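Hydrogens, waters and symmetry mates play no part in the numbers below; they use all other heavy atoms, side chains included. Model, not experiment: these values are computed from the prediction. Convention: sequence-line order gives letters A, B, ...; per-chain numbering from 1.
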Amino acid sequence: MPQETPVDSLTDDQAIAELARLANLIDAANRAYHQRDAPELSDAAYDALKRRNTAIEARFPHLKRADSPSEQVGAAPADGFGKIRHAVRMLSLANAFDDQDVVEFDARIRRYLGLDDEAALAYTAEPKIDGLSLSLRYENGQLVYAATRGDGETGEDVTANARTIGDIPARITGTPDVIEIRGEVYMTHQDFSALNAAGGRSFANPRNAAAGSLRQLDPEITRARPLRFFAYAWGVQSAPLGSTQWDSLERLKTMGFSVNPLTRRCLGPKALLEHYRHIEALRPTLGYDIDGVVYKLDDLDLQERLGFRATTPRWAIAHKFPAETAWTRLEAIDIQVGRTGALSPVARLAPVNVGGVLVSNATLHNEDYIAGRNSQGEPIRDGRDIRIGDWVQIYRAGDVIPKIADVDLARRPVDAKPFRFPDHCPDCGSAAVREPGDSTHRCTGGLICPAQAIEKLKHFVSRGAFDIEGLGARQIEMFFTDDLLPVREPVDIFTLAARDAANLAKLKNRDGFGDRSAAKLFEAIEARRRIPLSRFLFALGIRHLGEVAAGDLARHFGRWQDLASAADLAAPAAACQIAADAAELSERARAADEGRRPEVKKTRDALWQGLSPDARAAWEDLIGIEGVGAVLAASLVTTLTQPKERASIDRLVAELIEIVPPEARGDAGVLTGKTVVFTGTLTRMTRAEAKVRAEALGAKVAGSVSARTDFLIAGEGAGSKATKAAALGVTVIDEDAWLAMSRG
DNA sequence: TATCCTCGAGTTCC
DNA sequence: CTCGAGGATA
């Protein structure tokens with residue numbers, strides 16, 4: 001890299017050239033950051049470019065460019081692509097990494113369907129192409145749009161580019177009126193080498209090349225790139241394609257799509273594994289990148305019965321090939337502080353190429369992982385005795401997260417010492433303690449720890465939470481340390497505009513902001529003064545309270561005020577729970593020392609006796625919510641009733657216009673709003689299946705019978721629950737009645 | 001009390 | 001994407 005001329009000694013002409021060069025570099029970096037099709041600059045290098053640009057602009061204000069990078073916020077969403085909402089979510093798949101995982105996948109499905117002893121199930125197995133997934137929508141046989149996967153819900157409209165790909169027919173015949181075809185866009189090794197040799201830019205690997213080519217603003221550039229497409233799935237359809245996965249794929253072929261020729265139908269996990277080895281053996285000769293084999297349950301009716309987990313279908317899995325590895329030196333171990341105060345060690349590595357990606361960091365999880373053994377001194381799974389200066393073998397777990405696979409003890413420096421985990425927060429200096437039974441050290445600084453505060457704020461504006469456009473991690477860090485417009489807690493975000501108006505120096509005149517971006521940011525913030533209760537709760541960043549639990553709580557309470565008062569009522573109970581846990585822990589330790597059996601129930605009961613009925617009722621109500629247990633409840637209640645935390649939340653609430661209660665569950669189901677409990681053995685469907693069924697009909701499925709239960713569904717051999725239900729006057733129905741009801 | 005499943009939290013590179 | 005642990009269940 002050439003030595004940079006100091007800003008002060010630049011001539012006007014040199015400054016113009018330099019500003020142009022910087023604008024180009026920064027623009028390219030922004031695009032790379034956004035489009036993932038080029039190697040990215042490090043944050044430090046990126047910042048250095050921006051700083052130099054700003055310095056030159058300050059020295060030569062009259063030379064500032066119209067498209068100055070300082071006018072743009074961070075990586076501007078430079079997309080010329082429209083957004084398209086997928087009619088049916090684009091899925092991701094669960095992964096299997098060894099034979100055992102595949103056997104379990106099959107076993108899980110049989111268990112769920114209650115087919116334990118029956119003949120082997122049929123699956124399809126096909127190579128998992130390492131490209132990018134694309135969804136094609138055809139209406140009356142015409143291609144109407146093509147969308148990238150995006151986040152699964154919404155993708156980018158790349159229709160014009162998709163039309164230039166030879167494997168993608170513009171028109172298909174003999175199909176349902178409306179159908180979405182899904183598949184993978186990829187580039188062969190040969191085409192990839194030719195493209196890179198032809199000059200212009202060089203891509204790191206075929207996948208990046210395919211991604212970069214598909215996301216060209218000019219479709220003519222895409223046309224010139226040798227992209228290909230394999231179809232493997234379908235979304236909405238007005239008529240079924242077949243009754244099995246296999247038949248449907250055959251149907252796709254007759255429509256004119258390429259389906260991977262190595263797709264096979266296999267009976268049972270053994271056959272799947274055989275085909276996996278076959279594909280693995282052929283891998284080097286295929287001429288395109290694959291990263292595993294996908295297995296799907298063949299029978300579509302069974303697929304439908306199995307349904308989905310949060311993000312993945314239960315009826316499919318991706319069996320990944322072993323990851324690539326590389327050796328490098330561990331130069332240092334740094335400690336990062338998370339939003340809950342967790343201290344996480346990170347390995348700083350001499351940069352090394354692992355499967356086409358330059359890796360310089362790797363997670364080390366916690367103290368035990370680095371030591372290779374737990375606090376009792378027993379070796380732990382995956383753990384290694386890792387020391388600074390060691391040669392370590394890196395792989396990317398699931399081809400993404402860098403991890404340490406192995407340590408070369410022969411090359412360990414003689415003076416290398418075991419890593420001593422810090423007992424203080426590297427950021428605020430507070431004690432960092434590791435609770436007994438916990439694997440992580442936690443900073444006890446709470447609200448006073450700046451690292452925690454920043455991470456909490458980042459979480460607050462993140463996607464599932466307040467999701468404020470134009471306010472990402474980078475901006476949060478900037479505002480946190482800002483003297484004029486500080487943002488130290490969530491409420492500060494909502495007072496930004498007013499404070500900016502009152503300031504002499506305006507945000508829009510700052511580095512990294514312009515007229516437009518400042519106004520847009522304020523607009524985005526305004527829009528969030530109305531926020532769904534579930535998002536609001538999730539945004540608070542309370543430990544153990546994630547998106548799902550936040551949704552559960554929101555549905556249960558409906559209004560923020562109701563939840564807050566419930567927390568106030570339950571406060572003594574939460575304190576009691578925590579005290580009882582602590583007492584139990586020390587009692588167990590003492591009992592172990594003295595060689596007697598611990599007495600825990602008594603103390604717990606004694607503490608519990610002292611509670612007011614109101615407190616107890618409020619607590620029981622919380623614990624009664626499905627998915628909410630004592631740990632979450634205690635965390636929630638103590639946070640909400642801690643005076644400083646609560647004051648901060650109240651300040652935030654005062655700035656909001658409305659915390660919107662969740663919409664009542666659609667009244668589509670016959671069981672909407674009802675709470676049902678299952679007991680005994682169901683003979684015609686498994687418990688798990690029945691639960692999903694009931695929920696689809698709008699019911700809440702609880703584990704135990706209470707006065708709030710509407711129906712108890714009693715299978716064979718129902719016991720105490722049935723007795724209790726009778727005593728409480730709860731309606732008890734048998735399996736036949738349930739089947740009739742659930743068919744509606 | 002033990003076991004299974006799902007969620008939460010933390011992390012990397014693009 | 002993975003690990004740990006919370007929560008549900010047998």
Quiz item: Just how far, in rounded Å, is P of dG8(B) from CD of E455(A)?
Solution: 19 Å
Residues 346-363 of chain A, side-chain donor-acceptor partners within the protein, below 3.5 Å, at least two apart:
residue	atom	partner	partner atom	Å
R348(A)	NE	D334(A)	OD2	2.8
R348(A)	NH1	N361(A)	OD1	2.7
R348(A)	NH2	D334(A)	OD2	3.4
N353(A)	OD1	G356(A)	N	2.9
N353(A)	OD1	V357(A)	N	3.3
T363(A)	OG1	H365(A)	N	3.2

Practice problem: Please report, rounded to the nearest Å, how far the C1' atom of dG4(C) is from the CZ atom of R543(A). | Solution: 11 Å
Practice problem: Nearest whole angstrom, please: distance from the C1' of dA5(C) to the CD of E435(A). | Solution: 15 Å
Exercise. Please report, rounded to the nearest Å, how far the P atom of dT2(C) is from the OH atom of Y369(A).
Key: 12 Å
Self-check item: Between dA9(B) (P) and H544(A) (NE2): distance, integer Å
Solution: 7 Å
Quiz item: Taking only residues two or more places apart in sequence or in another chain, which ones pass ring-ring contact (aromatic ring centres under 6.0 Å, His included) with F419(A)?
Solution: none
Practice problem: List for me each residue that meets ring-ring contact (aromatic ring centres under 6.0 Å, His included) alongside F466(A), sequence neighbours excluded, and say none if there are none. | Solution: F460(A), F494(A)
Quiz item: Sequence neighbours excluded, which residues qualify as ring-ring contact (aromatic ring centres under 6.0 Å, His included) partners of Y186(A)?
Solution: F230(A), Y288(A)
Review item, nucleotides 10-12 of chain B N/O atoms under 3.5 Å of protein N/O:
residue	atom	partner	partner atom	Å
dG10(B)	OP1	T340(A)	N	3.4
dG10(B)	OP1	T340(A)	OG1	2.3
dG10(B)	O3'	S344(A)	OG	2.8
dT11(B)	OP1	S344(A)	OG	2.2

Quiz item: So, is R108(A) near the phosphate of dC5(B), with a side-chain N or O under 4.0 Å from OP1 or OP2?
Solution: no
Practice problem: For E104(A) and dT3(B), give me the distance from atom CD to atom P, rounded to whole Å. | Solution: 14 Å
List, one per line, each side-chain donor-acceptor pair under 3.5 Å for residues 532-544 of chain A, sequence neighbours excluded.
residue	atom	partner	partner atom	Å
R535(A)	NH1	R463(A)	O	3.1
R535(A)	NH1	A465(A)	O	2.5

Quiz prompt | Integer-rounded Å distance: dC3(C) P and L364(A) CG | solution = 14 Å
Self-check item: Between dT6(B) (C1') and R314(A) (CZ): distance, integer Å
Solution: 10 Å
Practice problem: Test side-chain contact (heavy atoms from CB on, under 4.5 Å) on L553(A) and L622(A) and set out the steps. | Solution: CA-CA 9 Å; L553(A) 285 165; L622(A) 269 174; 4.1 Å; yes
Practice problem: Among the candidates dC5(B), dG4(C), dT2(C), find the nucleotide nearest to the side-chain atoms of N95(A). | Solution: dT2(C)
Self-check item: Donor + acceptor pair across side chains of S213(A), R215(A) (<3.5 Å)
Solution: no
Quiz item: What's the closest nucleotide to the V631(A) side chain, out of dT2(C), dG7(C), dT6(B)?
Solution: dG7(C)
Quiz item: NA contact type, I394(A), heavy-atom cut-off 4.0 Å: base, sugar-phosphate, or nothing?
Solution: nothing
